[in-house]
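A short worksheet on the structure shown next.
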Amino acid sequence: MSALLSCTDLTMRFGGLTALDKLNLDVAKGDVLGLVGPNGSGKTTFFNVVTGIYRPSAGTVVFDGQDVTSRTAQEIYRLGIARTFQRSRLCLDLTVFDNVMIGNHKNLDMGIVHNLLARGRFRAECKRNLERVKTLLHGLNPALVKRVGQPVSMLSMIDRRRVEVCRALVSDPVLLFLDEPSAGMTHDETKRLMDEILVLSDGGKNFTVVLIEHEMEVIRRVTNRCVVLNFGRKLCEGDYETVTADPFVKEAYLGTELD
Ligand SMILES: Nc1ncnc2c1ncn2[C@@H]1O[C@H](COP(=O)(O)OP(=O)(O)OP(=O)(O)O)[C@@H](O)[C@H]1O
Ligand SMILES: [Mg+2]
């Protein structure tokens with residue numbers, strides 16, 4: 001099996017702190033991989049390094065057969081890795097449409113001169129984009145479609161999260177990183193959002209997901225494989241049952257959340 005994403009000896013140091021420590025982690029095409037571990041174990045740093053926000057101190061990242069270790073965030077996004085952020089990055093005063101379209105900039109490079117001169121094509125493109133955003137919103141919550149022109153500040157927390165997921169999806173990613181999409185949501189809302197994302201990923205989109213999530217019930221329901229990090233190292237990996245059977249994992253990190 002050749003991995004879609006393959007990280008070898010990935011290391012990220014911040015001064016004296018080693019956030020990722022020779023991490024070897026593969027993601028296969030079609031995986032819904034759960035990335036779990038205690039606070040500060042390096043989960044978000046892993047996303048930041050793979051997506052080019054930080055350049056790793058050592059190690060390599062290979063995506064879809066290409067070494068992307070030294071690529072910029074923009075280049076990696078263009079190659080097909082999209083993400084959501086642990087802390088919301090919505091522009092609250094902008095509309096739902098605008099917030100989603102921020103994620104589509106790789107397809108919006110016609111430039112101002114072109115847009116001024118080719119008014120007809122520009123209008124057609126705007127219409128196409130609006131339909132596309134509505135389709136994505138509909139996939140997560142049909143009620144959001146008619147709110148496409150409203151500012152995001154008027155939406156509930158779960159709808160804001162949906163908008164963030166749509167912003168990642170609008171670029172048609174090959175690989176989707178979700179960093180604690182459930183943050184700030186209730187138990188039921190979290191389950192609903194995950195189900196919606198899974199339906200989208202099954203619906204012929206066929207993308208691969210890495211999900212950082214503290215809620216182990218969500219991990220159990222939606223992932224086919226988990227990797228547990230601790231101090232930037234891989235503590236164990238396998239399916240949910242394998243990982244949660246690990247006595248160290250169970251006691252140290254998951255104990256209170258399992259029955
Ligand atoms: N830009 C940075 N500068 C310095 N230290 C950082 C930076 N980013 C992360 N760290 C440190 O790296 C370690 C790993 O952080 P990271 O955010 O990856 O953890 P996490 O597993 O996502 O935790 P959480 O579950 O709380 O989100 C932490 O000790 C954190 O303080
Ligand atoms: Mg984090």
Side-chain angles (χ1 to χ4, degrees), residues 5 7-27 31-61 68-74 76-77 81-90 157 160-161 164-165 167-168 175-187 189-190 193-194 197 209-220 222-223 225-238 240 243-244 246 248-258:
L5 180 76
C7 302
T8 308
D9 290 334
L10 201 59
T11 301
M12 184 72 221
R13 290 185 211 96
F14 298 108
L17 189 145
T18 304
L20 294 179
D21 192 1
K22 296 189 180 148
L23 180 67
N24 293 309
L25 199 159
D26 282 2
V27 183
D31 260 352
V32 179
L33 176 78
L35 192 57
V36 296
N39 296 121
S41 55
K43 305 180 296 295
T44 299
T45 302
F46 172 73
F47 279 8
N48 287 339
V49 169
V50 173
T51 56
I53 291 179
Y54 299 136
R55 188 166 288 201
S57 315
T60 54
V61 179
V68 298
T69 317
S70 309
R71 301 286 183 92
T72 64
Q74 183 70 10
I76 290 169
Y77 154 81
I81 305 182
R83 67 176 294 183
T84 64
F85 292 87
Q86 187 166 359
R87 292 204 197 103
S88 175
R89 301 241 173 146
L90 293 171
M157 190 57 84
R160 290 183 194 187
R161 285 288 178 184
E164 293 194 274
V165 173
R167 182 168 59 191
L175 177 59
L176 176 65
F177 283 171
L178 299 170
D179 197 346
E180 285 194 54
S182 72
M185 290 177 12
T186 65
H187 220 77
E189 286 175 335
T190 303
L193 182 69
M194 286 306 153
I197 292 169
V209 180
V210 181
L211 167 70
I212 296 176
E213 179 57 58
H214 282 295
E215 184 66 66
M216 288 310 289
E217 177 55 19
V218 172
I219 293 287
R220 186 186 68 76
V222 308
T223 66
R225 204 160 69 83
C226 304
V227 169
V228 183
L229 292 187
N230 192 28
F231 297 114
R233 282 180 230 124
K234 198 195 294 170
L235 192 64
C236 62
E237 71 180 307
Y240 176 84
V243 161
T244 52
D246 184 301
F248 190 63
V249 172
K250 200 167 180 174
E251 205 180 309
Y253 306 116
L254 313 173
T256 55
E257 299 190 14
L258 295 174

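Scope of the values below: all heavy atoms of this structure, side chains included, with no hydrogens, waters or symmetry mates. Just follow the structure's listing: the first ligand is 1, and inside any ligand the first atom is 1.
- Judged by distance alone, with hydrogens and angles left aside, the side-chain atoms of R71 form no donor-acceptor pair with the main-chain N or O of G52 at under 3.5 Å.
- Here OG1 of T11 is found 6.0 Å from CG of D21. Values are rounded to the nearest 0.5 Å.
- By the 4.5 Å heavy-atom criterion applied to side chains, C226 and I219 are counted as neighbours.
- Between the side chains of T44 and Q86, at least one donor N or O sits under 3.5 Å from an acceptor N or O.
- By the 30° and 60° cut-offs, the orientation of the rings of F177 relative to F46 is tilted.
- Remark: side-chain polar atoms of T51 are not paired, donor with acceptor, to backbone N or O of A73 under 3.5 angstrom.
- Taking CG of L33 as the reference point, atom OG1 of T223 lies at 7.5 Å (rounded to 0.5 Å).
- Sorted by chain and number, the residues within 4.0 Å of ligand 1 by heavy atom are F14, L17, A19, P38, N39, G40, S41, G42, K43, T44, T45, Y54, Q86, E180, H214.
- In terms of modelled atom types and a separation under 3.5 Å, the side chain of K43 and the main chain of G37 share a donor-acceptor contact.
- For the Mg ion (ligand 2), protein N/O/S neighbours under 2.8 Å (waters excluded) are T44 OG1, Q86 OE1.
- One finds a salt bridge joining E237 and R225 here, because a Lys/Arg side-chain nitrogen approaches an Asp/Glu carboxylate oxygen to under 4.0 Å.
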